[in-house]
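For reference, the structure discussed in these notes is given below.
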Amino acid sequence: MKISLNGKWKYKVDSNAEGMKEQWFSTEWYSDRLHNLPEISLPNNWNIIPELDRYEGIIWFFYVLEDHSTIRVNFHKSDLFIEFKAVNYHTHLWVNGHDCGIHEGNFQPFRFRVKKKMYNQESKNYFIVRVENFREKDRIPTLSRDWFNWGGIYRDITLLVLDKCRIKWVGITSNVHNNKKAILNVKCELLIPKDEKSIPTLEENNINWKLYYLGDLSTNCNEGKEQSKSEVIKSGNWPILNGKNSGQFSIQLEEAKRWTPITPYLYKIDLSLGKSEEPYIVRFGIRTVDVKEGKIHLNNRPISLHGVSLHEELLPYGRAIPKEARRRDVLNVKELGFNALRTGHYPHDESVYEICDEEGLLIFEEIPVYWGINFSNKKVLRLAIRMFHSMIRRDFNHPCIILWSAGNEIPVLNRSCLQFMTVLLRYGKKIDESRLFSCALEFWTSLVTPKSFIDEVDVLCCNEYIGWYYLSVYNLNFFLDNLKTHTSKKPWIITEFGAGAKYGNHDSAKIPAKFSEERQVSIIKHSIQVMNSKTYISGWFIWMYRDFRSHMRLNPAQKGFNRKGIVSEVNQRKKISNQMPSLVNRKLPEKEMKQHYISVVLFYWLFYPIIFLTSIIVSLILGQFSDSGNRYYLSKPKGK
Ligand code: GCB
């Protein structure tokens with residue numbers, strides 16, 4: 001059973017870090033001030049409150065569950081948890097004054113066990129949460145990042161009543177044999193407590209399952225396609241081996257409908273453990289993804305990713321974006337001709353992946369192992385593993401996700417970074433063998449990628465800003481070919497390229513000025529055509545779909561926003577958007593491919609030592625800069 005704790009919460013800003021000392025977590029403290037504290041509707045980022053727009057620090061949240069007589073708890077058989085779907089960054093929970101624990105990390109769900117701390121049904125229960133979002137050296141992400149540090153409890157909060165003995169997790173993968181047949185592998189993990197009273201009998205220790213075919217749930221599902229439906233197509237019973245708490249069974253389907261971006265057919269399975277009343281429900285799709293002959297294959301056919309990236313941010317909501325607005329984004333992205341989305345630089349709300357499953361958009365998902373990570377700290381590595389684990393487990397059953405990325409612009413020439421990433425990638429591959437793994441490298445690092453790193457990834461990913469931060473876009477053709485020389489048979493994805501443009505800023509000069517819409521068009525247009533002409537490139541992602549807030553971007557054209565979006569922060573379409581649909585598949589004519597090659601080759605070899613050295617230096621120091629001076633406080637907390 002789930003009881004939503006979303007709604008009106010009281011809050012208090014703790015800019016002087018006094019709350020712990022003054023025991024704001026105690027029921028008495030709160031009861032005395034109940035009527036004087038301001039209210040916020042959660043989930044939400046606190047920055048939507050004008051006075052807290054740029055606040056980084058500590059805020060306390062208070063909630064009273066007046067009556068929960070509707071919650072039927074069998075104290076022998078059930079357990080109670082409070083689940084947060086995401087909080088930025090450090091969370092500490094008290095229930096009725098009792099400490100329930102802390103959680104570190106943003107963008108991931110977590111739970112606190114609260115049964116022993118809750119009073120009985122008739123009394124009030126006090127939930128008090130301390131949230132803190134300072135940027136720190138040993139956190140992930142760390143001090144430096146090119147996005148806004150939205151604070152608070154911004155995804156759902158739920159009180160969960162769960163059977164003590166239950167299905168904990170289910171992961172479904174498929175083997176697709178010929179055009180029609182498929183074998184589904186259903187991996188189940190159970191929680192079987194040690195305490196005598198709740199151990200299930202042999203007969204209870206059985207999983208009953210029902211498989212449904214849901215069809216096409218996309219918004220544009222029309223007559224030509226399979227309509228949405230929900231019918232049981234198979235059912236069965238799986239006796240679990242006594243004493244074991246995980247195992248796998250298979251289901252054979254003679255007529256399997258594959259999930260693709262054009263035909264996003266979905267299935268659902270309900271699993272019930274013994275006599276449990278609430279089934280564990282998993283929605284999934286049947287599709288395979290792998291790399292063969294230097295190309296990414298979806299369902300055994302080569303596919304090119306034509307994508308764009310998106311931060312989880314929409315004004316005025318911040319990150320707590322309504323589901324309809326998220327769907328509108330996905331539909332717009334599809335309408336512009338893209339088939340893929342990079343949910344940069346961290347896991348977004350689960351609803352995005354549900355929508356992409358339904359609408360048919362391929363996903364590149366990642367954790368925020370980003371600039372300046374302290375790779376030599378073991379605690380940071382453990383944190384990264386926990387984040388990677390959490391992302392893969394939460395989103396395992398989404399057919400839209402084809403690649404897990406363990407980091408962005410990481411300096412793999414640095415030994416401790418390489419070791420850190422190797423551990424992370426190997427860990428990920430152990431828990432999911434059905435998808436591709438990679439990390440995005442900065443352009444200069446891509447030119448000198450060590451073989452030991454290449455061996456760890458399935459695809460190589462490069463972020464390049466040729467024509468924007470450095471060189472001319474006409475050098476791209478040549479430099480991309482230099483990436484090629486470093487690879488084995490692994491395909492490249494250009495995970496970032498683009499240019500900034502302020503919506504409405506035009507320039508008709510032959511070489512348009514920076515931040516004009518025309519300059520953005522010229523860089524993106526040329527880059528896409530060059531990339532589409534390269535057989536070793538399996539895809540590209542424009543950085544960015546929408547302009548987003550960033551404390552690093554303070555010049556007059558940007559004013560606190562990274563302007564590389566192809567739409568503005570309020571969804572106004574820039575010039576490049578209008579050209580997109582006809583551009584996504586276009587290649588550069590052969591004649592033009594050669595045009596700038598010779599001069600670049602000469603330049604390259606003359607300056608090769610300098611380029612090589614630059615590559616090494618940039619990749620070694622990459623991300624070691626921090627902007628810790630650039631924090632916003634209402635007032636500086638003591639001891640910070
Ligand atoms: C990058 C980063 C991305 C930045 C982008 C930029 O390489 O991966 O987070 O926002 O460059 O706009 O410079």
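All ligand and atom numbering here is 1-based and tracks the order in the structure.
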Q: Distance to 0.1 Å, residue and atom name: give those for the protein heavy atom nearest to atom 10 (O) of ligand 1.
A: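 Here the closest protein heavy atom is D146 OD2, 2.5 Å.
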Q) Among all protein non-hydrogen atoms, which one is nearest to atom 11 (O) of ligand 1, and what is the separation to 0.1 Å? A)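 Going by distance alone, atom 11 (O) of ligand 1 is nearest to E496 OE1, 3.3 Å.
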For [X], take its heavy atoms, then give the atoms of ligand 1 lying under 4.0 Å from any of them.
| X | answer |
| --- | --- |
| Y469 | 6 (C), 12 (O), 13 (O) |
| K564 | 6 (C), 12 (O), 13 (O) |
| H345 | 3 (C), 8 (O), 9 (O) |

Q. Is the centre of the F497 ring less than 6.0 Å from the centre of the F541 ring?
A.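 No, they do not, as the ring centres are separated by 6.0 Å or more.
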Q | Distance flag, aromatic centroids of H348 and Y346, threshold under 6.0 Å | A |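 When the ring centroids of Y346 and H348 are compared, they turn out to be within the sub-6.0 Å range.
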Q) Do any pairs count as a ring pair (Phe, Tyr, Trp, His ring centres under 6.0 Å) and have a residue in residues 320-345, sequence neighbours left out, and if so which ones? A)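 Listed by first then second residue: W147-H345, H311-H345, H345-Y370, H345-W543.
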Q. Do N505 and S516 have side-chain atoms, one donor and one acceptor, less than 3.5 Å apart?
A.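 No - no donor-acceptor pair under 3.5 Å links their side chains.
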Q.
Below 4.0 Å from ligand 1: does a non-hydrogen atom of R553 turn up there or not?
A.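 Checking ligand 1 against R553, which is what was asked, there is a heavy-atom contact under 4.0 Å.
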Q: Examine ligand 1 and decide if any of its atoms is less than 4.0 Å from a heavy atom belonging to Y370.
A: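 Per 4.0 Å heavy-atom rule, Y370 contacts ligand 1.
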Q. Any N or O of E409 that comes nearer than 3.5 Å to an N or O of ligand 1?
A.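 E409 vs ligand 1: N/O contact under 3.5 Å present.
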Q.
List the residues meeting ring-ring contact (aromatic ring centres under 6.0 Å, His included) with H103, not counting sequence neighbours, and say none if there are none.
A.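 H103: ring-ring contact (aromatic ring centres under 6.0 Å, His included) contacts with F110.
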Q: Please determine which of I537, L403, L460 meets the side chain to side chain contact (heavy atoms under 4.5 Å, CB included) test together with I493.
A: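 Of the listed options, the one satisfying the test is L403.
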